[in-house]
Amino acid sequence: MREFSVGNNLTANTKTTVYTVPTGYYAKWNLCYIVNNTGNNKTISAWWYDASAATEIAVLSGYVLSPTQFIKFDGGAYVVLEEGDQIRLESESGSTMSAINTFELIRKG
């Protein structure tokens with residue numbers, strides 16, 4: 001087991017894959033922290049791409065963040081990702097947002 005964080009400065013209005021689980025592993029996604037550094041309200045969306053079902057599941061959809069406000073989910077629950085699964089984020093056009101996601105990577109078998 002190895003815990004690590006991935007940081008991203010998001011490109012506005014572009015769906016960004018922030019993490020893909022490598023082959024031979026699964027991961028627990030246990031922290032998502034997103035901050036709005038823009039001067040006005042902007043939205044953020046997040047998806048879990050389930051590779052085994054070739055399906056994108058919305059985690060956040062057009063969630064409004066005020067300037068310097070952040071969203072954080074952590075602690076009491078996590079999402080289990082299998083190899084090939086992805087976490088994707090997209091901020092609204094004209095926004096400046098940053099994200100930190102933490103995962104626990106576990107070798108299969």
Side-chain angles (χ1 to χ4, degrees):
M1 173 183 71
R2 179 177 81 100
E3 296 176 321
F4 65 96
S5 295
V6 176
N8 300 90
N9 291 315
L10 301 176
T11 301
N13 201 36
T14 302
K15 190 178 288 186
T16 303
T17 299
V18 297
Y19 185 67
T20 303
V21 180
T23 302
Y25 290 87
Y26 68 94
K28 293 180 181 177
W29 180 30
N30 55 28
L31 172 71
C32 180
Y33 176 88
I34 303 168
V35 64
N36 178 7
N37 297 307
T38 312
N40 50 18
N41 291 354
K42 293 293 181 177
T43 61
I44 184 74
S45 297
W47 298 269
W48 159 35
Y49 175 72
D50 181 352
S52 65
T55 302
E56 198 173 61
I57 295 116
V59 178
L60 290 172
S61 184
Y63 187 88
V64 177
L65 285 176
S66 299
T68 69
Q69 182 184 26
F70 63 89
I71 183 168
K72 176 178 85 167
F73 58 88
D74 68 348
Y78 53 84
V79 177
V80 177
L81 308 169
E82 297 180 339
E83 60 186 21
D85 286 5
Q86 298 178 340
I87 298 302
R88 301 170 176 171
L89 301 175
E90 183 174 359
S91 61
E92 183 180 347
S93 179
S95 66
T96 303
M97 294 196 192
S98 300
I100 299 170
N101 290 277
T102 300
F103 303 90
E104 184 178 319
L105 191 61
I106 303 152
R107 185 178 296 276
K108 292 173 90 174

TODO: Could you list the residues that satisfy side chain to side chain donor-acceptor pair (under 3.5 Å) with W47, not counting sequence neighbours?
DONE: none

- [ ] Using side chain to side chain donor-acceptor pair (under 3.5 Å) as the criterion, list what pairs up with N9, not counting sequence neighbours.
- [x] S98

Task: Non-hydrogen side-chain atoms of I87 and W48 separated by less than 4.5 Å - done: yes

- [ ] Indicate yes or no for a side-chain donor-acceptor contact from T14 to the backbone of A12 under 3.5 Å, with no hydrogens or angles considered.
- [x] yes

Open item on the list: Tell me the closest heavy-atom pair linking S52 and E82, and the distance in Å.
Closed with: OG-OE1, 4.1 Å

Open item on the list: Within this structure, what is the CD-CD distance for the pair E104 and E3, rounded to the nearest 0.5 Å?
Closed with: 5.0 Å

- [ ] Check each of C32, S91, S61 against I44 using the side-chain contact (heavy atoms from CB on, under 4.5 Å) test, and report the only one that passes.
- [x] S91

Task: Contacts of S5 that satisfy side chain to side chain donor-acceptor pair (under 3.5 Å) - sequence neighbours left out - done: T102

Task: Y26 OH to I106 CD1 distance, which is reported to the nearest 0.5 Å - done: 4.0 Å

Task: From CD1 (I34) to CZ (F70), nearest 0.5 Å - done: 12.0 Å

Open item on the list: Using 0.5 Å steps for rounding, measure from the OG1 atom of T17 to the CD atom of E90.
Closed with: 11.0 Å

Open item on the list: Quick one: does any side-chain atom of N36 pair with a main-chain N or O of M97 as donor and acceptor, under 3.5 Å?
Closed with: no

TODO: List in chain and number order the residues that pass side-chain contact (heavy atoms from CB on, under 4.5 Å) with T43, two or more places apart in sequence or in another chain; answer none if no residue qualifies.
DONE: V64, E92

TODO: List in chain and number order the residues that pass side chain to side chain donor-acceptor pair (under 3.5 Å) with T16, two or more places apart in sequence or in another chain; answer none if no residue qualifies.
DONE: none

TODO: To the nearest 0.5 Å, tell me how far Q69 CD sits from T38 OG1.
DONE: 12.0 Å

Open item on the list: Just to verify, what does F4 make a side-chain contact (heavy atoms from CB on, under 4.5 Å) with, not counting sequence neighbours?
Closed with: R2, V6, Y19, F103, L105

Task: side-chain contact (heavy atoms from CB on, under 4.5 Å) partners of A53, counting only residues at least two apart - done: D50, T55

- [ ] Give a yes or no answer on whether the side chain of N8 reaches the backbone of L10 with a donor-acceptor pair at less than 3.5 Å.
- [x] no

Task: Backbone N/O of G62 and side chain of S45: donor-acceptor pair under 3.5 Å - done: yes

TODO: Working to the nearest 0.5 Å, report the span between CG of D85 and OG1 of T20.
DONE: 9.0 Å

Open item on the list: Once salt bridge (charged side-chain N to carboxylate O under 4.0 Å, His left out) is applied, do any residues pair with E56, and if so which ones, sequence neighbours excluded?
Closed with: K15, R88

TODO: Not counting sequence neighbours, which residues clear side-chain contact (heavy atoms from CB on, under 4.5 Å) with R107? List them please.
DONE: Y25

